[in-house]
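The structure under discussion appears below in the form of structure tokens.
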Amino acid sequence: MESELVLHEGGCHCGKIKWRVKASRRVVAWSCNCTDCSMRGNVHFIVPSSDFELLDDSKDFITTYTFGTHTAKHTFCKVCGITSFYTPRSNPDGVSDHVEIRTYDGLNWEKSHKETGIASFSNES
């Protein structure tokens, strides 16, 4: 069922920041062209902040950057510098989470199918 909520987990590169979020199995990702998102190539999905949970001592490793209206809260890991979530200006009552985009070379289907492991994504655990 598309509206069924499942847990998605994420975090920063070094693992100091970890989070989980309840969201639909099928999420909508937004590609933003503001100066910050454009520089970082940010693609994200937005959830209500009540569905977002920082895990363990993650809060201790977060630092925040704001600019302009200071509505958006760009969070970074103090150790590795990665942004894995932030509070977007468009949705200050929500949290935006990083979405991993993987490339599939459909023009070279056989090679890409073998190298990417895409077939495993439809396997039930």
Inset, instruction - Identify whether V27 and V43 are in the same connected component of the hydrophobic contact network (ILVMFWY, side-chain heavy atoms under 4.5 Å). - result: yes
Inset, instruction - Can you establish whether the number of heavy atoms outside K16 located under 6.0 Å from its atom NZ is more than 12? - result: no
Inset, instruction - Show your working on side chain to side chain contact (heavy atoms under 4.5 Å, CB included) between I17 and L54 and close with a plain yes or no. - result: CA-CA 8 Å; I17 297 175; L54 278 173; 4.2 Å; yes
Legend entry - Residues clustering with F76 (ILVMFWY side chains joined when closer than 4.5 Å, directly or via others): Y65, F67
Legend entry - same_hphob_cluster(F52, W30) at 4.5 Å side-chain heavy-atom cutoff: no
Inset, instruction - Could you list the residues that satisfy side-chain hydrogen bond (donor to acceptor under 3.5 Å, both in side chains) with E9, not counting sequence neighbours? - result: none
Legend entry - Heavy-atom pair with the smallest gap, counting every atom of T71 and P92: CG2-CB, 3.9 Å
Inset, instruction - Nearest 0.5 Å please: distance from the OG atom of S112 over to the CD1 atom of I118. - result: 7.0 Å
Inset, instruction - Please name all residues satisfying side-chain hydrogen bond (donor to acceptor under 3.5 Å, both in side chains) with T83, sequence neighbours left out, ordered by chain then number. - result: none
Inset, instruction - Look at the side-chain heavy atoms of Ile, Leu, Val, Met, Phe, Trp and Tyr, link any pair under 4.5 Å apart, and say whether I82 and V21 land in one connected group. - result: no
Inset, instruction - Nearest 0.5 Å please: distance from the OG atom of S50 over to the CG atom of D93. - result: 9.0 Å
Inset, instruction - Answer yes or no: are there more than 12 heavy-atom neighbours, outside H113 itself, under 6.0 Å from its atom NE2? - result: yes
Legend entry - Rounded distance [0.5 Å steps], CD in E115 versus OH in Y104: 10.0 Å
Legend entry - Minimum heavy-atom distance between Y86 and C37, given as atom pair plus value: OH-SG, 3.9 Å
Inset, instruction - Return yes when atom NZ of K22 has more than 12 non-hydrogen atoms of other residues, nucleotides or ligands closer than 6.0 Å, and no otherwise. - result: no
Legend entry - Shortest non-hydrogen contact from F45 toward V28: CB-O, 3.1 Å
Legend entry - Non-hydrogen atoms of K18 and S58 that approach each other most closely: N-OG, 2.8 Å
Legend entry - Separation of H8 NE2 from R25 CZ (nearest 0.5 Å): 8.0 Å
Legend entry - For the student: nearest non-hydrogen atoms of C77 and C80, plus distance: SG-N, 3.5 Å
Inset, instruction - Verify side chain to side chain contact (heavy atoms under 4.5 Å, CB included) between R20 and L55, making sure each step is shown before the conclusion. - result: CA-CA 7 Å; R20 78 174 140 227; L55 303 176; 3.6 Å; yes
Legend entry - Pair H74-R40, side chain to side chain contact (heavy atoms under 4.5 Å, CB included): steps then yes or no: CA-CA 12 Å; H74 299 274; R40 293 186 295 118; 4.0 Å; yes
Legend entry - Modelled atom types, side-chain donor and acceptor of W19 and S84, under 3.5 Å: yes
Inset, instruction - Test side chain to side chain contact (heavy atoms under 4.5 Å, CB included) on N42 and D36 and set out the steps. - result: CA-CA 8 Å; N42 192 32; D36 185 72; 5.8 Å; no
Legend entry - Gap between atom NE2 of H70 and atom OG1 of T64 - 0.5 Å precision: 13.0 Å
Legend entry - Ring centroid separation H44 to F85 under 6.0 Å: no
Legend entry - Contact check, side chains of V79 and H13, non-hydrogen atoms, under 4.5 Å: no
Legend entry - Residue pair I46 / S90: nearest heavy atoms and the distance that separates them: CD1-OG, 4.0 Å
